[in-house]
A.B. asks: 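Provided herewith is a single structure, encoded as structure tokens, for subsequent inquiry.
Note: hydrogens, waters and symmetry copies are ignored here, and every other heavy atom, side chains too, is used.
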Amino acid sequence: MDESAVIQVERLTRRYAGRPGYEAVRGVDFAVRRGELFALLGTNGAGKTSTLEVLEGLAQPTSGTVRVLGHDPYRDRRLVRSRIGIMLQDRGFAADLTVAETTKMWAGTLSTPRPVGEILELVELTSRAGVRVRQLSGGERQRLSLGLAIAGQPDLLFLDEPTAGLDPENRQRTWQLISRLLSSGTTVLLTTHYLAEAAELADRLAIMHHGRIVGLGTPAEIAGIRPARISFHLPADARLPSLPQAVATVDAGGKVFLDTEDLQLTLTALLAWAAQAGIQLTELTARPASLEEAFLAIAASGPIADSTEGAAA
Ligand SMILES: Nc1ncnc2c1ncn2[C@@H]1O[C@H](COP(=O)(O)OP(=O)(O)OP(=O)(O)O)[C@@H](O)[C@H]1O
């Protein structure tokens, strides 16, 4: 066990009653370090929610060990609950209460709540304090939900799809709020379907696929499983030599793409050749693979063979 970890998950499995032999989570290991934002990504039905429910103390693992802030989140729920915040996707707000009343009511249930004014300030809802919840926009409602999640000054914050359905401007605003929380030392576990969100916010991330973790690392490390890409136009009479580590393709418009495992090596060779031959490479771009490309490659890989699938529970 890593004693410095805020969340420690070892060989976690989760099987649902009524689906004999079907494991939604199949031996998952990961640790979340103090102060980091760790994102859990996955294809649909990959097992993110099933994992999250165990971490939040809402369900027991079928097997394996989970520690949250040093405790078993299910058995020691009382100890853990006061130190975590959970932002739910669909919090059932009372539509007729105002923003301030909703926040005050929630803060009243907590042992060490922040003052209501501070909560509203943190999620930029001060000017909406007297507005009824039913009149809030989708973005404001999500920010209220975030406000309630941080009301108890949690050491650990669970954010389940915090920007689902938001427009780009509101998404950016929520990202800024989350970044601010991180800089104040809160540890965050985020699940999201927006890869750009994970790329922007996550220190490290895990990609789940069919109940397993199939990629774990920084966004750059995960993106690095796919080749980098160089693209350019060549003059019609030029012939490209063979370049180290590169696989070349040409599209119908004559644009050349070089996929490479070693961007620096291939690019250096390309530029040296062009300089020596006096060739102008127009519209030249070079970039590493994106998190999205890596994710799509993983998602396209299909189910992972597993001897427990279909076996008796
Ligand atoms: N209560 C349940 N009973 C039986 N099977 C379930 C139950 N909840 C989830 N499952 C199944 O377990 C698998 C994992 O589901 P889970 O909701 O954890 O995935 P997810 O990664 O959160 O998916 P999504 O991104 O689509 O929300 C899916 O095949 C799902 O149908």
A.B. asks: Just wondering, do Met208 and Thr51 contact through their side chains at under 4.5 Å, heavy atoms?
C.D. replies: yes
A.B. asks: State the CD1-CZ distance between Ile222 and Phe295, to the nearest 0.5 angstrom.
C.D. replies: 11.0 Å
A.B. asks: Is it true that Leu271 and Leu240 fall in one hydrophobic cluster, defined by side-chain heavy atoms closer than 4.5 Å?
C.D. replies: yes
A.B. asks: Could you go through Thr112 and Gln153, starting from their C-alpha distance and side-chain angles, then the distance that decides it, and tell me whether this counts as side chain to side chain donor-acceptor pair (under 3.5 Å)?
C.D. replies: CA-CA 7 Å; Thr112 53; Gln153 314 194 52; 4.9 Å; no
A.B. asks: Using side-chain heavy atoms (C-beta onward) and a distance below 4.5 Å, is Thr186 in contact with Leu156?
C.D. replies: no
A.B. asks: What are the two closest non-hydrogen atoms of Pro154 and Ala149, and how far apart are they?
C.D. replies: CG-O, 3.5 Å
A.B. asks: Should Ile150 and Glu118 count as side-chain neighbours, where that means a heavy-atom distance under 4.5 Å?
C.D. replies: no
A.B. asks: Is there side-chain contact between Leu159 and Leu146, with heavy atoms separated by less than 4.5 Å?
C.D. replies: yes
A.B. asks: So, does Thr98 use its side chain to make a donor-acceptor pair with the main chain of Arg132 at under 3.5 Å?
C.D. replies: no
A.B. asks: Verify whether one side chain among Ser231 and Thr285 offers a donor that lies under 3.5 Å from an acceptor in the other.
C.D. replies: yes
A.B. asks: Distance check, rounded to the nearest 0.5 Å: Leu267 atom CG versus Phe232 atom CZ?
C.D. replies: 9.5 Å
A.B. asks: Got a donor-acceptor contact below 3.5 angstrom from the Gln142 side chain to the Gly139 backbone?
C.D. replies: no
A.B. asks: Would a distance-only check, ignoring hydrogens and angles, find a side-chain to backbone donor-acceptor pair under 3.5 Å from Thr218 to Glu221?
C.D. replies: yes
A.B. asks: So does Leu79 get a backbone contact from the side chain of Asp76, meaning a donor-acceptor N/O pair under 3.5 Å?
C.D. replies: no
A.B. asks: Rounded at 0.5 Å granularity, tell me how far OH in Tyr74 sits from CG in Leu58.
C.D. replies: 9.5 Å
A.B. asks: Is it true that Glu53 and Lys48 make a salt bridge, defined as a side-chain N closer than 4.0 Å to a carboxylate O?
C.D. replies: no
A.B. asks: Would a hydrophobic clustering, with Ile, Leu, Val, Met, Phe, Trp and Tyr connected at side-chain separations under 4.5 Å, put Leu69 with Val32?
C.D. replies: yes
A.B. asks: Measuring from atom CG of Leu263 to atom CD of Gln245, what distance do you get when rounded to the nearest 0.5 angstrom?
C.D. replies: 11.5 Å
A.B. asks: Enter the distance from Leu189:CG to Glu36:CD here, rounded to the nearest 0.5 Å.
C.D. replies: 9.5 Å
A.B. asks: Got a donor-acceptor contact below 3.5 angstrom from the Glu293 side chain to the Ser290 backbone?
C.D. replies: yes
A.B. asks: Taking the side chain as C-beta and beyond, is there a heavy-atom pair between Glu161 and Thr191 under 4.5 Å?
C.D. replies: yes
A.B. asks: Please determine whether side chain to side chain contact (heavy atoms under 4.5 Å, CB included) holds for the pair Val247 and Leu258, giving the CA-CA distance in whole Å, both sets of side-chain angles, and the decisive distance to 0.1 Å.
C.D. replies: CA-CA 5 Å; Val247 177; Leu258 297 177; over 6 Å; no
A.B. asks: Do you know which two heavy atoms are closest between Trp273 and Pro241, and how far apart they sit?
C.D. replies: CE2-CD, 3.3 Å
A.B. asks: Tell me if a side-chain donor or acceptor on Asn170 pairs with a main-chain N or O of Leu166 at a distance below 3.5 Å.
C.D. replies: no
A.B. asks: Is there a continuous path of hydrophobic side-chain contacts, each under 4.5 Å between heavy atoms, that joins Leu190 to Leu157?
C.D. replies: yes
A.B. asks: Taking all non-hydrogen atoms of both residues, which atom of Ala5 and which atom of Ala31 are closest, and how far apart?
C.D. replies: CB-CB, 4.1 Å
A.B. asks: Salt bridge check, Arg173 against Glu140: does any charged N sit closer than 4.0 Å to a carboxylate O?
C.D. replies: no
A.B. asks: Mind listing the closest non-hydrogen atom pair of Ala206 and Ile213 along with its distance?
C.D. replies: CB-CD1, 3.9 Å
A.B. asks: Determine whether more than 12 heavy atoms belonging to other residues, nucleotides or ligands lie under 6.0 Å from atom CZ of Arg287.
C.D. replies: yes
A.B. asks: Report the distance from atom CZ of Arg34 to atom CG of Asp155, rounding to the nearest 0.5 Å.
C.D. replies: 7.0 Å
A.B. asks: Thinking salt bridges, do Glu23 and Arg14 make one under a 4.0 Å N-O criterion?
C.D. replies: no
A.B. asks: Report whether Leu177 and Ile119 are members of the same hydrophobic cluster (ILVMFWY, side-chain heavy atoms less than 4.5 Å apart, transitive linking).
C.D. replies: no
A.B. asks: In terms of hydrophobic clustering (I, L, V, M, F, W, Y; side-chain heavy atoms under 4.5 Å; direct or indirect links), are Leu296 and Leu291 co-clustered?
C.D. replies: no
A.B. asks: Applying side chain to side chain contact (heavy atoms under 4.5 Å, CB included), run through Val25 and Val54 and close with a yes or a no.
C.D. replies: CA-CA 11 Å; Val25 181; Val54 173; over 6 Å; no
A.B. asks: Do the side chains of Val6 and Val68 get nearer than 4.5 Å, heavy atoms only?
C.D. replies: no
A.B. asks: Can you give me the closest heavy-atom contact between Lys255 and Glu283, atom names plus distance?
C.D. replies: NZ-OE1, 4.4 Å
A.B. asks: So Glu124 and Arg180, salt bridge (Lys or Arg N to Asp or Glu O under 4.0 Å) or not? Walk me through it.
C.D. replies: CA-CA 12 Å; Glu124 299 173 6; Arg180 216 184 303 154; 3.1 Å; yes
A.B. asks: Begin from the C-alpha positions of Val9 and Asp29 and carry the test side chain to side chain contact (heavy atoms under 4.5 Å, CB included) through to its verdict.
C.D. replies: CA-CA 5 Å; Val9 179; Asp29 293 278; over 6 Å; no
A.B. asks: Take a 6.0 Å sphere around CD of Gln264 and say whether it holds more than 12 heavy atoms from other residues, nucleotides or ligands.
C.D. replies: no
A.B. asks: Just wondering, do Glu197 and Thr163 contact through their side chains at under 4.5 Å, heavy atoms?
C.D. replies: yes
A.B. asks: For the backbone of Thr62 and the side chain of Thr13, can you confirm whether one donor and one acceptor N or O come within less than 3.5 Å of each other?
C.D. replies: no
A.B. asks: If you apply the rule side chain to side chain contact (heavy atoms under 4.5 Å, CB included), what do you find for Phe93 with Arg141, and how did you get there?
C.D. replies: CA-CA 9 Å; Phe93 292 122; Arg141 205 176 260 262; 3.9 Å; yes
A.B. asks: Would Arg15 and Tyr22 count as a side chain to side chain donor-acceptor pair (under 3.5 Å) if you check the C-alpha gap in whole Å, the side-chain angles of each, and the deciding distance to 0.1 Å?
C.D. replies: CA-CA 6 Å; Arg15 198 176 293 153; Tyr22 179 81; over 6 Å; no
A.B. asks: Between the side chain of Arg143 and the main-chain N/O of Val123, is any donor-acceptor distance below 3.5 Å?
C.D. replies: yes
A.B. asks: Can you tell me if Asp203 uses its side chain to pair, donor with acceptor, with the backbone of Leu37 under 3.5 Å?
C.D. replies: yes
A.B. asks: How far apart are the closest heavy atoms of Ala289 and Ala223, and which atoms are they?
C.D. replies: O-CB, 3.3 Å
A.B. asks: State, yes or no, whether a side-chain contact exists between Pro73 and Leu55 at a heavy-atom distance under 4.5 Å.
C.D. replies: no
A.B. asks: Can we say Arg134 and Asp96 salt-bridge, meaning some charged N sits less than 4.0 Å from an Asp/Glu carboxylate O?
C.D. replies: yes
A.B. asks: Side chain of Thr187, backbone of Gly35: donor and acceptor closer than 3.5 Å?
C.D. replies: yes
